[in-house]
There are 2 protein chains.
Amino acid sequence: MRRQASIDEIVAEAWELSRSNGLGNFSMRELGDRVGMRAQSLYSYFASKLEIFDAMFLQGNEQLLETMRIALDAMEDEGDPVATSVTIVDTFVRFCTSDPIRYQLLFQRTVPGFVPSEHSYAVAQEAYDLSVGPLRALGIDDPQLDLCTAVVAGLVAQQISNDPGGDRWVRLTQQATSMLLREFLPDVLSHTHSTRSTT
Amino acid sequence: MRRQASIDEIVAEAWELSRSNGLGNFSMRELGDRVGMRAQSLYSYFASKLEIFDAMFLQGNEQLLETMRIALDAMEDEGDPVATSVTIVDTFVRFCTSDPIRYQLLFQRTVPGFVPSEHSYAVAQEAYDLSVGPLRALGIDDPQLDLCTAVVAGLVAQQISNDPGGDRWVRLTQQATSMLLREFLPDVLSHTHSTRSTT
DNA sequence: GTCTATAATCTGATAGAC
DNA sequence: GTCTATCAGATTATAGAC
């Protein structure tokens with residue numbers, strides 16, 4: 001269907017413009033120019049500018065879902081829940097920091113007026129559940145899980161704000177995860193990941 | 001000086017508008033209305049809209065500096081560097097979460113085109129140095145300090161995004177700080193803050 | 001220092017021809 | 001489905017009278 005191809009191109013250019021101008025800082029005219037269309041013609045595909053954000057939000061969450069599925073499938077063989085958790089956290093941090101604008105749309109409230117549609121929100125929920133699954137499987141639940149999500153969010157936030165494109169915080173991910181697992185499951189760990197700082 | 005009073009009022013209303021509309025999402029007209037002035041008259045006080053953001057940025061960092069100074073003065077008597085660190089982290093987290101818009105301006109890159117002036121930036125630097133001082137005094141330095149700032153940033157980010165106005169993540173601050181100090185200074189701690197999750 | 005007037009431009013969105 | 005034409009308004013900022 002040619003229609004779908006046009007929609008995909010519009011969304012792709014909306015990402016591109018958001019990456020160069022800041023999330024959402026593009027006009028319908030600008031977007032139309034990019035896809036070789038008048039601004040008004042965009043309304044054949046999206047009823048409003050906010051609907052474009054929803055398409056971006058959905059796509060970003062589908063990418064997250066896919067990324068986490070692949071990482072989980074790869075770890076399934078081993079059957080080591082600790083290693084799986086470490087990998088999944090690392091995968092998540094890399095996913096987030098690799099595209100700050102996507103991270104901003106998916107996890108921060110920064111586009112005024114944007115509310116995800118029901119379908120988009122369901123996909124986001126699914127991706128979240130899949131991401132925290134391995135930690136839950138280890139018995140880490142709500143109060144402790146909050147500290148885990150905070151640490152992960154912090155690594156991402158610092159990486160994006162203070163070393164965009166680098167790995168100054170990303171490379172601390174394993175140490176951070178080890179620290180959390182030691183905090184919550186002191187018995188489980190004696191063998192793996194001695195990333196602890198030597199005194 | 002009446003001029004200074006007008007400047008203060010303009011900045012105060014700019015904060016107010018940012019809190020209700022989102023950071024920076026106000027027009028000069030709107031701002032002028034609030035202070036009983038035409039939009040054009042604002043240009044007698046600020047050469048551009050971006051200059052208003054700089055005044056806000058400066059004010060926010062002065063507030064941070066003052067807050068940290070008070071907290072540090074209060075802890076000076078005790079002379080317990082561990083307790084001081086715990087308190088200072090807690091103070092910082094509360095300062096940040098108590099005003100999400102201020103946090104956004106001070107610590108995230110979200111206003112397109114805004115770059116702090118030299119003077120504002122110097123104040124920001126001073127506030128940062130004062131905030132991390134107690135951790136540095138404990139011997140926690142650059143690689144470890146990065147993990148500390150990440151954890152703090154994460155608590156703030158999660159609190160603001162997922163429980164604005166609440167304390168779901170703020171109340172984890174002490175546990176998080178204990179965990180970090182145990183990670184980096186395992187010998188120093190045997191007496192204090194047994195906030196560790198019981199097995 | 002505040003005003004009116006206005007420049008110069010951008011905004012999202014709709015109507016209707018083809 | 002794309003276009004032209006246009007609405008109805010917004011935007012930051014400047015010029016110059018008072």
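Values in this document were obtained by computation on a predicted structure and should not be read as measured data. All chains are named by letter (A, B, ...) in the order of the sequence lines, taking the proteins before the strands, and each is independently numbered beginning at 1.
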### Summary
side-chain hydrogen bond (donor to acceptor under 3.5 Å, both in side chains) pairs touching residues 93-102 of chain B, sequence neighbours excluded, are B:R19-B:D99, B:Q63-B:R102, B:D90-B:R94, B:S98-B:R102
### Message
B:D129: which residues meet the side chain to side chain contact (heavy atoms under 4.5 Å, CB included) condition with it, sequence neighbours left out?
### Response
B:Q125
### Query
Is the distance between the ring centroids of A:Y103 and A:F92 under 6.0 Å?
no
### Set of residues satisfying side chain to side chain contact (heavy atoms under 4.5 Å, CB included) with respect to A:E62, sequence neighbours excluded
A:L58, A:V123
### Query
In the 5'-to-3' direction, what one-character label does each nucleotide of nucleotides 12-18 of chain D receive under the scheme B = base within less than 4.0 Å of a protein heavy atom, S = sugar-phosphate only, - = no such atom?
BBB----
#### Entry: Listed partners of A:N25 passing side chain to side chain contact (heavy atoms under 4.5 Å, CB included), at least two apart
A:N21, B:P112
### Message
Filter on side-chain hydrogen bond (donor to acceptor under 3.5 Å, both in side chains), then keep only pairs touching residues 47-58 of chain A, sequence neighbours left out; what's left?
### Response
A:D54-A:S117, A:D54-A:S120
## Note on the structure
When rounded to whole Å, the CG to P distance for the pair A:L42 and D:dT2 reads 9 Å
### Query
Which of the following nucleotides, C:dC3, D:dT2, C:dG1, is nearest to the side chain of B:S41?
C:dC3
### Task
Go through residues 7-15 of chain A and report each residue with a non-hydrogen atom lying under 4.0 Å from DNA chain D, sorted by number.
none
#### Entry: Partners passing side chain to side chain contact (heavy atoms under 4.5 Å, CB included) against A:R2 (at least two apart in sequence or in another chain)
none
### Query
Rounded to whole angstroms, how far apart are CG on A:N25 and C1' on C:dT11?
13 Å
### Query
B:R29: what forms a side chain to side chain donor-acceptor pair (under 3.5 Å) with it, not counting sequence neighbours?
none
